[in-house]
Peer 1: 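The following block contains the structure, expressed as structure tokens.
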Amino acid sequence: MNRIAIFTSGGDAPGMNAHIRAVVRSCLNRGIEPIGIYEGYQGMIDGDIATLGRKETANIISRGGTILKTARCEDFKTEQGRERAAKNVRDHGIEGIIACGGDGTFHGAHYLYQEHGIPIVGTPGTIDNDLFGTDYTIGYDTAINTAAEAIDRIRDTAESHGRVFVVEVMGRHAGFIAMDVGVACGAKAIAVPETHTDLADLAGRINEHAHRRTIIIVGEGDQLGSATDVSRMLKESYDIDSKVAILGHIQRGGTPTVRDRVLASRLGVSAVNMLLAGKSDCMIGEHAGEITTTPLNETWEKKKPLPTFYVELSSVLV
Ligand code: ADP
């Protein structure tokens, strides 16, 4: 291969820049020209494509976000959109692509490979850690540390004022962020989509505490609803007053942790290796310390299980 392209797509995640840097340096060390596609699939369709070098990727390892930008692109969901993208890829002499993103990005990569035979591998770039085939995704470690720091601050107020805080964290349909952060911050209860959340149980846990100063974590996608819904239901059904804190997008940004930088770098180098070894239509992940490949379709067809120890921890440590 003479030219390998990288793009970032879907939600941004801290560590994507370290990943881009690793791909670029890995290519340069093998005499391959590294190419950047800007704004995800939108840039692939629009031809927003340029050569990357050491200069473009200097001093980015510690920066959050992505220098290649990211975008959501409805056109790529159509065959015509993918046709235009494939033409641009061929016209630029790109022989292999690394797609860093989540399951939406992998759907697109899978179709691009199936329809146009363009070698493409995915790398897991999402704070949600919800992709089957890898123990951790790029951005997850930073996100949980950012969320934990924010909740530690909220705890100071909860303690001082004797308040109940219902804190909502991200995670889409997966409870990884909620569980890790909830255990790490000593939450009284952790509501996640993978387990049944019982309002009466939540209320009981809050009332165990004489002064009702406590923190409840609600993961996005919980069947009871959002943190705002849970807070309202606690008032309506149990006359429990609570404050709502939605951490939102602060969980996405910021300086990537060492773990995220190392994971992003390792997966970047491995992705180039895998393309050179002829692999395609698969995600490069890390499991039990080893680099793994998982067919792209399995990353969304199979559900990554939430380790059962979390449920035990969250009930024993309250
Ligand atoms: P993520 O990759 O983080 O899951 P999205 O779900 O927004 O983020 O997907 C990113 C992009 O991937 C979309 O904007 C779209 O361009 C492309 N994509 C998502 N789903 C599909 C699909 N079913 N077919 C083709 N492309 C898709």
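Order of appearance sets the numbers: ligands from 1, and atoms from 1 within every ligand. What you see is a predicted model; the values in this text were computed from it and never measured.
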Peer 1: Taking N or O atoms only and a 3.5 Å limit, does Gly104 qualify as a polar contact for ligand 1?
Peer 2: yes

Peer 1: Which atoms of ligand 1 sit under 4.0 Å from any heavy atom of Phe76?
Peer 2: 16 (O), 25 (C), 26 (N)

Peer 1: Note the single closest protein heavy atom to atom 2 (O) of ligand 1, along with its residue, its atom name and the distance in Å.
Peer 2: Thr105 OG1, 2.5 Å

Peer 1: Could you tell me the separation between the CD1 atom of Ile284 and the CE atom of Met274, rounded to the nearest 0.5 Å?
Peer 2: 5.0 Å

Peer 1: How long is the gap from CD on Glu74 to CD on Gln42, to the nearest 0.5 Å?
Peer 2: 10.0 Å

Peer 1: Need the ligand 1 atom indices (1-based, order shown) with element for anything under 4.0 Å from a heavy-atom of Gly102.
Peer 2: 1 (P), 2 (O), 3 (O), 4 (O)

Peer 1: Can you tell me if Ser26 and Arg30 form a side-chain donor-acceptor pair at under 3.5 Å?
Peer 2: yes

Peer 1: Do Ser242 and Ser231 have side-chain N/O donor and acceptor atoms under 3.5 Å apart?
Peer 2: yes

Peer 1: Considering the heavy atoms of Ser9, write down every atom of ligand 1 situated less than 4.0 Å from one of them.
Peer 2: 10 (C), 11 (C)

Peer 1: Heavy-atom contacts with Arg72 under 4.0 Å: which atoms of ligand 1 show up? List them by number with element.
Peer 2: 5 (P), 7 (O), 8 (O), 14 (O)

Peer 1: Just to be sure I read this right, does ligand 1 sit under 4.0 Å from the backbone of Tyr111, its side chain, both, or neither, counting only heavy atoms?
Peer 2: side chain

Peer 1: With the threshold set at under 4.0 angstrom, would you say Arg82 reaches ligand 1 through any of its heavy atoms?
Peer 2: yes

Peer 1: For ligand 1, which atoms, with element, lie under 4.0 Å from some heavy atom of Gly11?
Peer 2: 3 (O)

Peer 1: In the protein, which heavy atom is nearest to atom 22 (C) of ligand 1, and how far is it?
Peer 2: His107 CB, 3.6 Å

Peer 1: Using side-chain heavy atoms (C-beta onward) and a distance below 4.5 Å, is Asn129 in contact with Ile177?
Peer 2: no

Peer 1: Heavy-atom contacts under 4.0 Å between Tyr41 and ligand 1: side chain, backbone, both, or neither?
Peer 2: side chain

Peer 1: Ring centroids only, cut at 6.0 angstrom: are Phe176 and Tyr310 within range, meaning strictly under it?
Peer 2: no

Peer 1: Angle between ring planes, Trp300 versus His107, binned at 30° and 60°: parallel, tilted or perpendicular?
Peer 2: parallel

Peer 1: Taking the side chain as C-beta and beyond, is there a heavy-atom pair between Ser315 and Arg205 under 4.5 Å?
Peer 2: yes

Peer 1: Going by heavy atoms in the side chains, are Pro34 and Leu28 under 4.5 Å from each other?
Peer 2: yes

Peer 1: Compute the shortest N/O to N/O distance between Cys73 and ligand 1 and return yes if it is under 3.5 Å, no if not.
Peer 2: yes

Peer 1: With Tyr140, which of Asp130, Asp180, Thr257 fulfils side-chain hydrogen bond (donor to acceptor under 3.5 Å, both in side chains)?
Peer 2: Asp180

Peer 1: Heavy atom under 4.0 Å from ligand 1: found in Arg172's side chain, backbone, both, or neither?
Peer 2: side chain

Peer 1: What do you reckon, does Asp103 put a non-hydrogen atom under 4.0 Å from ligand 1?
Peer 2: yes

Peer 1: Give the residue, atom name and distance (to 0.1 Å) of the protein heavy atom nearest atom 26 (N) of ligand 1.
Peer 2: Gly108 CA, 3.5 Å

